[in-house]
Structures are given as structure tokens and as C-alpha cells.
Amino acid sequence: MFFSSQLRYYIAKRLAFLFAYIFCALTLVFFIVNSMPGDPAYSLAVYYMQVYNLKFEDALEMARRALGYDVLKPVHIRYVEYILNLLRGNLGFSLFYKRPAIDVIAVSLPWTLFILTLATILGYFMGTRLGVLAAYRRGSKSDVIIYAVSVVLLSLPPFIFAIIILYSLGVGIRILPIGGAYPVWTTPGFNFDFIVGILWHAVGPVVAQALAQLAGWSIGARNVSVVVLAEDYVKYGVARGLKKSTLRKKYVWRPARLPILTGLALSFGYMLGGSTLVESVFRYPGMGFQLAQAMAYRDFGLIMAIFTIIIFTVLSASFIIELLYPFLDPRVRTE
Amino acid sequence: MSRGSEILEVKKLSVVYLVREGSIKAASDISFSVKEASITAIVGESGSGKSTIIEAITKTLPLNARVLEGEVRYRGIDLLTLTDEEYRKLRWREIAYVPQAAQSSLNPLQTVFEHFFETWADVIGFIQKEEMRVKASELLENVGLSRGVLDAYPHQLSGGMKQRVLIALSFLMNPKLLIMDEPVSALDVVNQSQILSLILELYRRYHPTILLITHDLPVAGELADTIAVMYAGHMVEFSSNKEFFEDPLHPYSKGLVRSMITFSIDMGLVSSIPGEPPSLLTPPSGCRFHPRCAHAMDICRKDVPPRIEISPGRWVRCWLYAGDIK
Amino acid sequence: MRMPLFLTMIYDELIRPMLRNRKSLIGLSGLAVFVLVAVLGPCFIPLELKTDFSRRFLPPSLRHPLGTDYFGNDIFQQIVHGAPVTLSLAAAIALFATMIAAIVGVASGYVGGVVGRLLDALTNLFLVIPSFPAMLVIFVMLGETHWLVASALMAIWMWAGSARNIKSAVYSVRSMAFVEAAEGLNLGSFHIVVKEIMPHVVPYVFASFVSTFRGAIEASIGLMFLGVLKYNPLHWGVMLNLAIFQTGAIYVPHALHYPLSVITFVALLLLFTTLLSYGVEEAFRPELRGYE
């Protein structure tokens, strides 16, 4: 049944779409960036002149290199060079750190993924279970309370929560640290202090991201489950005398999982986008924070590199989730 | 319980659905009884309340339904007073149900076999998978399906096949009371006649009591011993098959029988009933059929006619017969 | 259509469902208060921006209802004057985005075929690219821009979701019987689109506008908070940036009232628009209703 030829076709098709989307997204961004009115190299050069105390021509040369292209070359050649560079793994150069952008990303991306994974586990798994529970008890007080709280939580973007958490727990009560990924007095490695330190420093960003996630998932799961509960096959299952636990697991939870899963990929992209803000508030050294810093220092090379990685990550995440589909829904297996 | 006694007695059952605009009086003051090992057909148009009665009996009413009053006595026990868990003990072993929506009643994420297995496991108890396969294959063969169907997913089966699966499932525990909601309505003519013969054959073999819902009068005529007619939430006539088709009493029944198209009837005699069924949100006063009835009298507009017994086991709700027997 | 008929139609189709739904009613009332403040506030409350460090971070008092900021300026005045700035920017973004979404959605829903599929792919592409990082990159490269240009550039990343909804609405309306009847009568594509399809799609367009408006508030505040878009120091996002990052208020406990006031108003605005957006979606898409 698994890995039949139909399944292989499905995987191949999804993979092709993945590459197509990545390619189109990067192309789109490349052309948007390059067709900006005015010469960004110019304003960048002005900035460099002030900061690095250079003559204008030198500054302009530096700016051109930072942007990763030579304005003198025609667009299509620049584009081909860009693509070739990407394929070689060359994401650009960071002027601020004076190293290849990929080095900066390699150090910071894991922290971001760490936060997002924890936040997803917390938000998605708890939220969806809450949502299904609420759907089961529709109309009751617990349903209304869960729903009302979720709507309120959902209306605030993660960075607002980040600010609130930072203020109340970080500055106010001094429970949480206000910077960095781990305490400065611990040494990195697999020792107990370090691991606890990591978790402690991660609480702020994780909770900030997770709260909005939790709310979103509980409402989403509730809505989907309400629809599922009204399905004929649930009614027939009840008529057959199935136990409540069977109905809950196989007749409500499993069908509801499918549309909910689709939303997971989108929410991952949203979280990744929001990580810039959340990490900035907490000064947490993830990729989002690097992006914010790079923007402040006009480090265009690093900016573009991070953006490329963001696109790649989001698309890959949705691809991986799409791979899960045939395992969950037999109708997809025989498409 | 001897043959011929009442296995199911419905007394004064009234169910409404609550909607934004008010309440829909789906079933009002329904009373009838079903003899053991008989086939009773409840006939009526869509919206007449027949499905509501079934939902009340099988406790699968939607969330916005309310049972205002009434009893549903199965072998003496009032089903409406049972808790969900107490009723669950009766499900499938005693009372089984073939739903109307064959297309969407099977769980799309599991195979046909899993449906059989889980029903047995949850209702009776543990069983070896192999044992279950044997049982299920036998049931499928009874309905004319090959045992390969066991490993198929619902979306891989045709409508007719799914209907047969549902019927096979209903006989899993040899229930005493089998309720079938429009078992052949969604099928083409060829499948229809096959399923009808199938039902009759299964009846002859297992002798369940069958309660059949249909809007198709010829189907009722072919299968049932007893016919009950529903109109606009009221049960208006109840009589044996023979007596019904020879001499329908209620004006609505007369209209139904006249509008049946069979091969032997002269087309000149076929007519339809003028008008449309009323809204159950604000049903007509008195006898709900009076706006369409050629024989409507003053009292029909004012009061709901009571059950008037014409002969034992045969009654009608119509003021036309009030003078005869009181 | 004649004017009075048109107005009654708007009332029946758009306004009344919104008033009936509880969420949208609360959201609408809250938002109305904000709009009122935005429109009338600046008339009644003057704006005095004088840098006076001796009056820095004064706590709330009768004279300064919300206290003063880093520069000694009254926070309440800034909030009131910042309201129209914040709201109008978000409205412009939502307007542009919804227009694009309506055009793309109707085109791909009605035309179908190769064009339809191309538009679908385009919509998917913009859906998949995370909008906030994309906006960050664009605005960093761009530098100073006029606010309308900035709105348009932001709108580019916000139309995709609405376009998808509108397209499926058009698609389902299109297959309804009366459209087939109109097509059979050979009434011409333009007529069909405008007269037959649009009236049924308008609620979806409106719902899209409201939810895009909410997203635009969040996105614009986020962008200003990071300092990427420096548009108007009274915009609440810029105020937030100043409060948290620039002026070190985070590390000065007794200045809590400064970021707290800005956050409170931002949070309330988002809360009301979110409620409104959910309520409107429920009102116009009955399948989402929890229960009758």
C-alpha cells in the first residue's frame, strides 16, 4: 500500500512544486529588489561614508559589493550569477560581521528553530486538543470561555505578548532573563547548567509565540471539529453503539486533523516572520534578531541571505507537512 | 416475546427543532405500535416527520431538537428515559439502523473491515481479527458483495455497494429491531429491485422486526405488512398493506395511491395532489391537511382529528370518519 | 440601480448582519470609538511638542492623563493625534490590497482556463512567501517613501489570502443556475460579472477588507516598531519603537506608563478589529457559524 507508484508520483509532484515555488519566490524577490526606483547603492554609500569615513567613490564601491551585484552588468546576467551563487551555497557576504552570510545564519538559525519548535509543540498540540474539547462541549460554559479567551489572545500579535512578558516577568518580577540565549556564566556543552539555562532563557520568546498559536489552533480546531461532529458518519457511529472514546479518536480527531494540518505550514511562516520582532524584544540571538540588526546596520548581503533562507525554510516546512498527507488520508493515496 | 406481540410502542411522541425563526413542529402526537417480526413502513413526503421519528427512536436527534413529550417503549422499556450509556447497551445488538445517507455514513478514513471490527469490539467485546473476517465475509456474501470489499475504503465503492455494506453491517448482531431509512431511494432502478429482494430474503432468513421509512409508496407496498402514513408531522393513517391499497381512508392517502404510476394503471386515473405541504414552523390549525383537502369541513379547520379506530389495528385521523365510530 | 434602492441593499446585505452578530457588534462599537477619537480628537486636543527634559517621564496626572514621554511631551495628546495616522495608513493598505484581491479573485474565478490557473499560481506564490519578512526587505532597501507608495508596497503582500477566498466565492456563485441562465441568454461577460455575480460576492469582498484592515494594522505597527518604516512620529508603531528601543524606557521602572499606554491602545485597537473581522466573517459565511 505504501510507496506504491501512485505515492511516488505524489511525492515527486510535491517536490517539483517545492522547487518551482522556491525558484519563483527568489526570482520575484530578486526582481523586486533590483527594480527599486533609485539606486539603493547610493543611499547605502551615503551611510557607509558616514560610518566608515570613506570617500564617496570607495563607499559606492563597497555598497555595490554589499548589495551583491554590479549595477553596471545587465539584469539578466546579474540574475544568472545570483542563481549560480545560490546553487553553490554562496548566500552572500555580511559586511558587518565580515564573514560569509552563511556562517552567521548557521549560528543563529538553530536558536530560532529551537524557539519555534517548542512554541509549535506547545501551541499546536495543546491548542488543537483544547479546540476539539470545546467542540465536543459546544454551547457549554467551558466552550464559551475557551473561545472568548482564544479570541482575545488571538487579536494580539506575538511581539505584543513579548513586550508584556518582558516587562512583567523580566523587568518587573525579575523571573526571566532579558537577553541572550543562555546565561553568561555557563559554558556551552551538554552540562546540566547549560541546558537549564537555555530553557530558562527560551521561556520568554517561546511563550510569546505560543500564546497566539494556542489561541489560533484552538479556534481553528474547534471550527473544524464542529463541522466534523455534524457529519453523517459520526451519527452512524453513534447509532452502532461505538464507545465515546472510539468516536472521539477515530471519528472526530482523525478527520479533523487533516484540514488543521494544512494550516500548520501557514502558521509556521507567520511565526517565522514574527520571530524578527519577538527576538528583538528579548534580544534573543536567533536569525530574526540577526535580521533586525542587519537592517539597522544596512547589511544588505546578510539581509538578502536571511530572507532567502526564510523562504526556503517556510516552503520546506510546508512540503514536509504535505508529505504527511497520504499517511493520514487514504483518499489521497489513490489520487 | 411471542410472535405477534408489540415490540415497539410509540405513545404521544412530539419533537420540535429549534431554529432562529422559532420552532419547527416536526412530529406531533405520534402514537403507533409495531408487531414483532413484522415489516412496517412509514410513508410520507420529505419533511413529513418520518425521519424525525426514527431519530427519536434511535436517539440520534440533532443538537437543536427537543422531545416535548411522549414515550418510546421497546419491549416495555421507555427508550427516551435511558441514559446514553444505558441505551448504548441496546445499540446494534437489539436495535440496528440502516441510514439514509449511504454516501457519507461510512468513515472515509477506514476500511469496511474496520467498521465491522470496531462495532463488534465496542459493543460485545474482544474478538480475533481472523474470526471477524470470517463473520464479515459471510455477511458481505449475503448481500452479494465479494470479500475483497472488506479491505476497500469507502471512496473506492459505488453507491449501491455502500448501501449493501450498510445492510450487511446492520445484520452483524442479528438485531431484533431493524430500522431502515430510505434503503433504496438513492439507487438506480436495477439496484433498487436487487436490494428489495435482498431485504425480503434476509427477512425470511432472520425474521427481524423491520421498520421501514420511505417516500416511495410502491416500495412500501412491495415490502411491508403494515403501512403508516405521515403528513406534516402527523401520523394520519395506519392499516395493513392489503386494506391500505384496496381502500385508502384518509384523503391524503387516497391522493397518494392515485398518484402511483404502475404499469397496469390507465394514465387517466393518475393524478397528483394539488397544493404543497405546509411549513412546519407555522402549521395550519386543526387538521394540517385541510388546505389541500377536497372534503374539508369547518371542524377540520378548528380541531386536530383524533385517532379513529376503524377495525382492530387500523385507524385514521380524519373527521370524515368521526360519525361512524366514537 | 437607483440610489435609495442601492442604500437599502447596502443596509440589508452588509450592515444588518454585522449588527446582529455579537462579535462584530462589539468590534464595530470599539472601532467606532477609535475612529471618533481619530476624527474629532485632533480638533479638541491640541498637540504641543516641545522638548523639555525636565518634564520627562512624568507619571499620569490631571494635566497629563497618560503622563509624559522621553522628551517631556504629553502622551495622551500624541495618542489622540496618532490615531488618524495609524488608522488611515492601515485603511489605505487594506483598500489597495482588497482591490487587487477582488480583481485577481474575480478574474481567476470567472475566467478559468489557463489564465485562471496562472492567477492561481500567482496567488499561491504570494501566499507562500512570508509577508512580514518580505516587507522588511523591501522597506530597508527603499528608505524614505511617500506613505501612499508605502501602502501600495505593503498591499502587495496582503492580497493573496483574500484573493483565494473571493475566487472560491465567485467560483461557487458562477456555477449556480441563474448564472447559467444569463450565459444562455448571451448577455455578455461584463454584464454577467457585474450584475449577476458581484452582488453575491460583495459580502466576501467586504469581509476581506475588514480582515486585511486588521492585518494591516498589525503589519504597519510591526514595521514601525522595528524602525524600518519611519513615517510619522505620531504613528502608534513609531511611538512603540521610541518607547521600547530608543528611549530606554524598558529599563527605567518608573517610566512604565509610557510603553504601557501605547501598548494598551494598540492592543485594544487590535482586539476590536479582530472581533469585528471574526464577526463579519461569521455573518457573511454562515458555514462558519458555531451554532444557531
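- The side-chain heavy atoms of Leu226(C) and Ser280(A), taken from C-beta on, include a pair separated by under 4.5 Å.
- The shortest side-chain heavy-atom distance between Leu154(A) and Tyr278(C) falls under the 4.5 Å cut-off.
- Minimum interatomic distance between Pro130(C) and Gly269(A) (heavy atoms only, all atoms of both residues): CB-O, 4.1 Å.
- Within the 4.5 angstrom heavy-atom criterion, atoms from both the backbone and the side chain of Ala25(A) approach chain C.
- Heavy-atom distances place no part of Phe268(A) under 4.5 Å from chain C, backbone and side chain included.
- Separating the OG1 atom in Thr264(C) from the CD1 atom in Ile164(A) is a distance of 8.0 Å, to the nearest 0.5 Å.
- Residue Leu125(C) touches chain A through both its backbone and its side chain, counting heavy-atom pairs closer than 4.5 Å.
- In this structure, Pro157(A) and Leu270(C) have side chains that are in contact, with non-hydrogen atoms separated by less than 4.5 Å.
- In this structure, no portion of Phe272(C) lies under 4.5 Å from any heavy atom of chain A.
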Please assess Tyr21(A) against Asn124(C) for the test side-chain contact (heavy atoms from CB on, under 4.5 Å), listing each intermediate value before the final yes or no.
CA-CA 9 Å; Tyr21(A) 275 135; Asn124(C) 261 338; 3.1 Å; yes
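- For the pair Phe307(A)/Leu136(C), no side-chain contact is recorded, criterion being any heavy-atom separation below 4.5 Å from C-beta on.
- One distance of note links CG of Leu276(C) with OG of Ser155(A); it measures 12.5 Å at 0.5 Å rounding.
- Residue Phe159(A) touches chain C through its side chain alone, counting heavy-atom pairs closer than 4.5 Å.
- When every heavy atom of Val152(A) is checked against every heavy atom of Leu271(C), the shortest pair comes out as CA-CD1, 3.8 Å.
- By the 4.5 Å heavy-atom criterion applied to side chains, Phe225(C) and Ile160(A) are not counted as neighbours.
- Exactly one residue among Leu240(C), Val262(C), Leu260(C) makes a side chain to side chain contact (heavy atoms under 4.5 Å, CB included) with Ile163(A). That residue is Leu240(C).
- If you tally non-hydrogen atom pairs under 4.5 Å between each of Leu156(A), Ile303(A), Ile219(A), Leu277(A) and chain C, the highest count goes to Leu277(A).
- When heavy atoms are compared at a cutoff of 4.5 Å, Val314(A) approaches chain C solely by way of its side chain, counted from C-beta outward.
- Other residues, nucleotides and ligands contribute more than 12 heavy atoms inside 6.0 Å of the CZ atom of Phe319(A).
- Counting heavy-atom pairs under 4.5 Å between each of Ala134(C), Gly227(C), Ala121(C) and chain A puts Ala134(C) at the top.
- Of all heavy-atom pairs spanning Met304(A) and Val137(C), the tightest one is SD-CG1, 4.1 Å.
- Of the atoms belonging to Ile306(A), not a single heavy atom falls under 4.5 Å from chain C.
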